[in-house]
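Hydrogens, waters and symmetry mates play no part in the numbers below; they use all other heavy atoms, side chains included. Letters go in sequence order (proteins before strands), and every chain restarts at 1.
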Amino acid sequence: MSDSSTNGDGFGDRAKAAAGWPVMVSFQALNYPLSAIQRIVGIQGMPWIFLLPNLAFFGIFVVIPLFINFAFSLTGGTELFLGNRVYTGTEQYGFLLECETFGDPITCREDRFWKGLYNTAIFIIFQVTFLVLFSLITALILNQKIRARGFFRAVFFFPVLLSPVVVALIWKWILLRDGILNAFLVSVGMDKILFFVSPEWSMFWAVFVSIWAHMGFYTLILLAGLQAIQPDLYEAAEMDGTSKERVFWRITMPLLWPNLLVVLVLALIKGVQIFDEVFVLTGGGPGTATQFIVQYIYNTGFTEQVQNFGLASAASVVLGVVLFVLTITQLAVTRARDNG
Amino acid sequence: MTFDFGKLLATTAVAASLMVSSAFAETELRMTWYNDGNEGEVMQSLLDRFEAANPDISVTLDVVPYKSIIESLPIQLAAGEGPDLARVTDLGGLNKYYLDLAPHLSDTAYWEKSFGPFLNWLAPDSDQISGFMTQLTVTGPYVNKTLFEQAEVAMPGDGATWDDWATAVNKVAKKLDIPIPMAWDRSGHRVSGPAIAMGAKMFNAEGKPALVDGGLKEMAQLLYDWHQDGTMSKELWGSVSGSTYLGANEDFANAKVVMYMSGSWQIPQFADKIGDAFDWWAVPAPCGAAACTGMPGGAALVAMKDTKHPAEVGKLMDFLAQEENLAEFYGKTLFIPGHLKLAKGGVKFATDDPRAKHALETFSGAVPTISPVAFDLQGYKNNRVMFNALISRLNEAIVGEMTLDQAYERMEDDVAKQLAEKERN
């Protein structure tokens with residue numbers, strides 16, 4: 001404990017002392033049970049004790065539902081409780097994978113599952129690429145000494161604070177037949193565009209809105225990475241007369257790579273899981289043009305009169321496997337690059 | 001800052017008295033409800049009266065979005081965590097969760113006499129009494145009569161076909177530059193009535209679902225063509241996927257639609273929103289080769305079998321189903337009565353709006369012309385499987401993802417797959 005808390009005579013010191021007192025008492029109170037636990041589990045076991053709350057949370061809300069979901073995928077019927085459901089083995093997986101031609105979803109038994117996978121693949125190719133690109137550019141700009149830098153950082157981060165439903169509704173109102181964008185088009189002598197009737201426009205706006213909503217978060221991660229790079233390296237490069245382009249590729253990018261990898265993996269996982277924003281924005285339409293895999297799972301499990309939990313669970317497992325493979329591949333490629 | 005001990009005491013006293021008064025209500029019932037118009041307020045006033053007469057029972061009205069009734073309520077019920085009572089529209093589909101009220105009602109003969117045919121919608125496979133219709137609905141079109149008058153186009157009369165109407169609304173829209181000549185609710189239920197009018201049978205000789213036939217194909221082709229030639233805007237049906245419901249009520253209320261195919265439940269909303277801004281006019285269901293019919297339907301208040309208080313639920317249902325209470329409910333909500341005696345003119349509707357009165361007369365008058373096929377379809381407990389397959393696949397054809405023939409094939413597959421899944425239980 002610092003002397004200031006005991007010997008200080010200013011108001012601030014007295015306030016600190018007053019605020020510190022309950023903390024000290026709490027620590028003292030925790031000391032006895034923790035010492036007792038340490039005597040039982042030993043010093044090596046203590047990290048597990050501290051991890052226990054998180055592990056319990058992770059177990060209850062992630063691991064156990066994972067196994068329950070897998071069990072559901074091996075059953076059929078419409079009963080909700082696992083014990084009442086009919087065991088069907090891998091039949092639901094068979095239904096999902098039954099196709100005459102895999103390249104043509106319409107020939108598949110569950111055509112909407114395949115359309116969902118196809119749409120999700122298109123979405124993540126564009127969304128992840130441009131999300132990472134724009135986040136990087138924004139982070140690089142916001143890392144410069146520009147005017148009102150704090151303001152712009154806030155502006156880019158603000159959409160992250162909004163709920164996905166709010167984001168989608170804002171953009172829906174902008175893009176509707178009588179929305180602001182169409183009003184603008186008319187004011188400059190153009191015709192109105194019915195964005196949500198066109199598959200291409202709908203996919204474009206799904207990608208755009210998703211990037212707009214999430215870019216701030218990834219920009220922040222990259223900005224943190226940029227600020228962690230030692231300024232000495234740039235100064236040395238400047239003294240050596242290294243070109244800006246070379247500095248970017250030889251100093252900035254290699255040192256930013258760990259952050260970039262985090263952004264890439266997170267964006268990919270979030271991209272595959274896309275649902276709420278697009279569901280509110282386009283409803284999956286027109287037709288099935290923006291119906292992604294998670295919406296297929298939701299529709300199959302919840303919106304139909306016959307709620308097919310088995311098939312929805314099987315699709316969730318397939319989605320999980322796809323995500324797992326993507327993440328492992330990405331990590332393997334990165335590790336190979338780091339080692340090689 | 002001063003501490004007003006008097007205020008604290010007064011607040012505590014009020015809180016305590018509230019707790020004591022609620023403690024007197026030994027039984028709390030929960031009723032899940034959704035609103036189309038003002039029916040929640042009217043129901044609440046009836047519940048207040050019930051609670052005053054039965055201080056040992058309190059009833060909480062949980063008002064939820066309609067989507068929750070369709071998507072969340074079935075899961076709550078399956079988990080045994082549902083409410084004591086709920087207002088539902090999937091009348092036969094949720095039947096396995098309903099309570100047989102008969103042992104708890106004071107006069108089952110009254111219920112059978114008053115709600116006879118509708119009780120079968122709630123219990124297609126048994127004689128149980130589970131609830132009553134909070135409204136009987138009939139699907140049918142509304143037109144913006146003012147636009148017809150402004151365009152000097154004559155409105156097709158009784159016996160007009162869908163083609164006659166399509167020609168007329170296109171003339172009006174063209175003359176007055178109205179963006180949407182015709183709009184339909186995006187719902188399989190809404191399409192089924194006109195399809196039956198064209199001759200769709202919906203069931204085969206064994207009574208099993210047989211969605212696709214000549215009548216349905218004729219109607220589907222019309223809807224497909226109307227979306228291609230601009231009679232109907234793809235904005236409504238084409239802008240979402242699957243079986244998502246979308247209505248054009250707001251576009252109609254904003255005079256952007258000449259003709260709107262929906263149903264009687266829109267009357268209170270139009271009376272309130274449109275008022276006398278223009279003449280919104282209900283017209284008889286257009287005709288096809290087989291009939292001039294809409295679809296019947298409606299919402300029912302049902303008791304759930306997982307309730308821990310069946311006797312109290314029975315008491316409440318007995319109270320709400322009393323003729324004078326239902327007359328008040330239907331009258332104030334402008335709903336077509338689902339009570340046989342009241343349906344014969346026993347309700348004084350609380351409106352002076354001539355458009356609302358005309359619409360109520362039109363839809364009530366349409367009940368005798370409803371095709372028996374439409375009643376059978378409404379009474380079929382898996383009808384939503386058929387409605388959803390119809391609307392979702394037809395929509396995929398309309399936006400060009402598949403041909404109409406592929407859509408018909410998929411509709412039949414979807415129905416067969418879902419029924420097979422249900423059969424596994």
(request) Check whether Val399(B) gets within reach of chain A through its side chain, its backbone, both or neither, counting any heavy atom under 4.5 Å. (result) side chain

(request) Would you mind checking if Arg393(B) and Asp413(B) are paired as a salt bridge, meaning a charged N to carboxylate O distance below 4.0 Å? (result) no

(request) Would you mind checking if Glu401(B) and Arg410(B) are paired as a salt bridge, meaning a charged N to carboxylate O distance below 4.0 Å? (result) no

(message) Over 60° means perpendicular and under 30° means parallel, so tell me whether Tyr380(B) and Phe203(B) are parallel, tilted or perpendicular.
(response) perpendicular

(message) I need the residue from Lys67(B), Glu396(B), Lys234(B), Glu235(B) with the largest number of non-hydrogen atom pairs under 4.5 Å to chain A.
(response) Glu235(B)

(request) Could you check which of Gly80(B), Ala79(B), Gly400(B), Ala420(B) has the highest count of heavy-atom pairs closer than 4.5 Å to chain A? (result) Ala79(B)

(request) For the residue pair Phe204(A) and Trp201(A), categorise the inter-ring angle as parallel (less than 30°), tilted (30 to 60°) or perpendicular (more than 60°). (result) perpendicular

(request) Can you label the angle between the Phe278(B) ring and the Phe252(B) ring as parallel, tilted or perpendicular, going by 30° and 60°? (result) perpendicular

(request) Select, from Thr290(A), Asp178(A), Thr303(A), the one with the greatest count of heavy-atom pairs under 4.5 Å involving chain B. (result) Thr303(A)

(request) Under 4.5 Å, counting heavy-atom pairs only, tell me which of Thr288(A), Thr88(A), Val86(A), Leu194(A) racks up the most with chain B. (result) Thr288(A)

(message) Under a 4.5 Å cutoff for heavy-atom pairs, which residue among Gln291(A), Arg85(A), Lys115(A), Arg177(A) has the most contacts with chain B?
(response) Arg177(A)

(request) Classify the angle between the aromatic ring planes of Phe102(A) and Trp114(A) as parallel (below 30°), tilted (30 to 60°) or perpendicular (above 60°). (result) perpendicular

(request) Flag the one option from Leu311(A), Asn299(A), Asn308(A), Asn84(A) with the top tally of heavy-atom pairs under 4.5 Å to chain B. (result) Asn308(A)

(request) Evaluate the side-chain hydrogen bond (donor to acceptor under 3.5 Å, both in side chains) criterion for residues Thr231(B) and Asp229(B): first the C-alpha distance (whole Å), next the side-chain angles of each, then the deciding distance (0.1 Å), finally the verdict. (result) CA-CA 6 Å; Thr231(B) 303; Asp229(B) 69 17; 2.6 Å; yes

(message) Are there residues of residues 87-97 of chain B whose heavy atoms fall under 4.5 Å of chain A's heavy atoms? If so, which?
(response) Asp90(B), Gly93(B), Lys96(B)

(request) Measure distances from Ser392(B) to the heavy atoms of chain A and classify the residue's part below 4.5 Å as side chain, backbone, both or neither. (result) both

(message) For a quick check under 3.5 Å, do Gln295(A) and Ser241(B) share a side-chain donor-acceptor pair by atom type?
(response) yes

(message) Looking only at heavy atoms and a cut-off of under 4.5 Å, which of Asn383(B), Asn382(B), Asn395(B), Thr244(B) has the most pairs with chain A?
(response) Asn382(B)

(message) With no hydrogens and no angle check, just 3.5 Å: does a side-chain donor-acceptor pair link Tyr93(A) and Ser73(A)?
(response) yes

(request) With a 4.5 angstrom heavy-atom cut-off, could you sort out which part of Tyr296(A) is near chain B: side chain, backbone, both or neither? (result) neither

(message) Between Ser187(A) (side chain only) and Phe184(A) (backbone N and O only), is there a donor and an acceptor less than 3.5 Å apart?
(response) yes

(message) Please tell me whether Asn388(B) and Glu304(A) have a donor and an acceptor in their side chains that are separated by less than 3.5 angstrom.
(response) yes

(message) Between Asp414(B) and chain A, with a heavy-atom cut-off of 4.5 Å, which part of the residue counts as in contact: side chain, backbone, both or neither?
(response) side chain

(request) Flag the one option from Met402(B), Gln406(B), Arg384(B) with the top tally of heavy-atom pairs under 4.5 Å to chain A. (result) Arg384(B)

(request) Please look at Glu423(B) and chain A and tell me whether the side chain, the backbone, both or neither of the residue comes under 4.5 angstrom of a heavy atom of that chain. (result) neither

